[in-house]
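Please read the structure below before turning to the comments.
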Amino acid sequence: CFHATTSFSSLTCIHCGFSDWKRINCVTFPHPDVMPEQQLLKPSEWSYCDYFWADKKDSQGNNTVSGFEILLQKQLKGKQMQKEMAEFVRERIKIEEEYAKNLSKLSQNSLAAQEEGTLGEAWAQLKKSLADEAEVHLKFSSKLQSEVEKPLLNFRENFKKDMKKCDHHIADLRKHLASRYAAVEKARKALTERQKDLEMKTQQLEVKLSNKTEEEIKKARRKSTQAGDDLMRCVDLYNQAQSKWFEEMVTTTLELERLEVERVEMIRQHLCQYTQLRHETDMFNQSTVELVDQLLRKVDPAKDRELWVKEHKTGDIRPVDMEI
């Protein structure tokens, strides 16, 4: 049993005397004063499906944004962040490639190439280590491209298309819900008018009894009854639409949640791969200079002198005084 209230967004039960629920942007919520206890769908998980049912103002405070739209914006932002991470890795790859190129060029430099002995061997190995290090960085850049950058770019290639499909699906359900809400309001107003008409004709009958007045009352009562039936039918259709929207919201938000978990885990794995490759590069670089370290420890000025003397000596007979 319903009658019009001063609030456009609520219906009041005559038996209770106060609103049992409130409607915000065509969605029905329980009134705080009579709200039954509601359990979260996924307690203790902070799940998307539990916390995005209401709409809220945008950052400028002008327009209303649905909870689902906020989730979509989160997903699209995540996709953009993933793209920017891939661009970051691409810049690192360029740096590694350029660094490898410069190391290789420097390793071929002829400066101090004529140094001899044990020191000369150490110097020659140091220059060779640059070429080895260049190769390590080149391989590092190649693996970064295939094992980090490419997967980041390829992940969810059709992500935006899928999000748009979800957006349109939920938006269509919300529009359908709004149209059902409008039908309820129209039927409610029609019932109010019919009830007022019936009340007015009933008052007229009390003043003057006539067959015409009785006939008008019967007709008004039929119309009022029909208006009540129409309202109940519209409410039922509205509830069906809201139930469908609710079910699809739960299903779709859980899918968005799964995709976000998958995205974060995928990025974590590939960033771990990045650090692993970096550690391997450090180890390879370390190995390229180990031989240099060994040769440097063997540098012996006395040995160098021995080798040089043996190769370049001109004679070991020393001069003596002249005798007459």
Side-chain angles (χ1 to χ4, degrees), residues 73-161 163 259-305 307-308 311:
Q73 291 172 4
K74 160 73 172 169
Q75 298 295 311
L76 294 175
K77 180 180 178 182
K79 181 176 183 294
Q80 178 62 27
M81 294 302 97
Q82 188 169 319
K83 180 181 177 183
E84 291 182 13
M85 288 178 186
E87 292 174 355
F88 179 91
V89 175
R90 164 45 46 187
E91 290 302 312
R92 179 60 193 268
I93 291 171
K94 290 180 180 178
I95 291 171
E96 290 295 326
E97 290 174 341
E98 186 66 23
Y99 184 51
K101 178 181 177 182
N102 290 333
L103 282 178
S104 179
K105 182 179 179 181
L106 183 58
S107 70
Q108 299 171 23
N109 192 289
S110 61
L111 290 173
Q114 296 181 359
E115 180 62 55
E116 301 173 339
T118 55
L119 181 58
E121 290 178 13
W123 177 250
Q125 186 59 44
L126 185 146
K127 290 171 64 178
K128 183 180 181 303
S129 72
L130 295 185
D132 295 338
E133 188 177 350
E135 184 64 23
V136 169
H137 283 277
L138 204 56
K139 289 181 179 179
F140 175 53
S141 66
S142 178
K143 287 188 175 182
L144 278 183
Q145 185 176 31
S146 62
E147 299 179 20
V148 181
E149 181 200 20
K150 190 175 180 180
L152 286 175
L153 288 175
N154 290 344
F155 181 72
R156 294 296 175 192
E157 191 64 32
N158 298 321
F159 184 85
K160 192 170 184 179
K161 186 188 300 182
M163 290 302 99
L259 290 175
E260 176 64 4
V261 170
E262 185 179 349
R263 183 188 76 87
V264 172
E265 181 59 24
M266 187 279 299
I267 292 176
R268 187 194 68 81
Q269 290 177 358
H270 285 87
L271 292 184
C272 285
Q273 180 64 10
Y274 171 92
T275 58
Q276 179 62 30
L277 290 172
R278 190 70 188 85
H279 289 317
E280 291 176 2
T281 300
D282 289 339
M283 287 188 292
F284 289 143
N285 282 339
Q286 182 63 33
S287 67
T288 64
V289 296
E290 282 180 359
L291 186 53
V292 178
D293 286 336
Q294 293 174 12
L295 291 174
L296 286 174
R297 286 193 292 269
K298 292 180 180 180
V299 170
D300 183 351
K303 181 65 175 178
D304 287 354
R305 185 170 63 251
L307 294 173
W308 187 86
E311 183 177 354

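Nearest heavy atom pair, residue T118 against residue V299, reads OG1-CA, 3.5 Å. When all heavy atoms of V148 and H270 are compared, the closest pair comes out as CG2-O, 3.7 Å. Nearest heavy-atom pair across S104 and A134 is N-CB, 3.7 Å. Residue T288 comes nearest to E133 through the heavy atom pair CG2-N, 4.1 Å, listed as atom of the first residue, atom of the second, then distance.
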Could you walk me through whether Q273 and Q269 pass the side chain to side chain donor-acceptor pair (under 3.5 Å) check? CA-CA 6 Å; Q273 180 64 10; Q269 290 177 358; over 6 Å; no
Derivation and outcome, salt bridge (Lys or Arg N to Asp or Glu O under 4.0 Å), residues R278 and D282: CA-CA 6 Å; R278 190 70 188 85; D282 289 339; 2.6 Å; yes
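Side-chain contact between Q82 and M266 is present, with heavy atoms from C-beta onward closer than 4.5 Å. The shortest distance between side-chain heavy atoms of Q80 and K83 falls below 4.5 Å. Using a 4.5 Å cut-off on side-chain heavy atoms (C-beta onward), L106 and N102 make no contact. Side-chain contact between D304 and E116 is absent, with no heavy atoms from C-beta onward closer than 4.5 Å. Looking at heavy atoms from C-beta onward, K128 lies out of side-chain contact with V292 at the 4.5 angstrom threshold. At least one side-chain heavy atom of E280 sits under 4.5 Å from a side-chain heavy atom of L277. L259 is listed as a side-chain neighbour of M163, based on a closest heavy-atom distance under 4.5 Å. Within the 4.5 Å cutoff, the side chain of Q286 has heavy atoms near those of the E290 side chain.
Residue Y274 qualifies as enclosed at atom OH: its count of foreign heavy atoms under 6.0 Å is above 12. The number of heavy-atom neighbours closer than 6.0 Å to CD of Q114, taken from other residues, nucleotides and ligands shown, is 12 or below. Heavy atoms of other residues, nucleotides or ligands lying less than 6.0 angstrom from NZ of K127 number more than 12.
In this structure, K94 does not pair ionically with E98, as no charged nitrogen and carboxylate oxygen lie closer than 4.0 Å. Using a cut-off of 4.0 Å between Lys/Arg side-chain N and Asp/Glu carboxylate O, R263 and E260 are scored as salt-bridged.
Of the possible donor and acceptor atoms, none in the side chain of W123 sits under 3.5 Å from a partner among the backbone N and O of E115.
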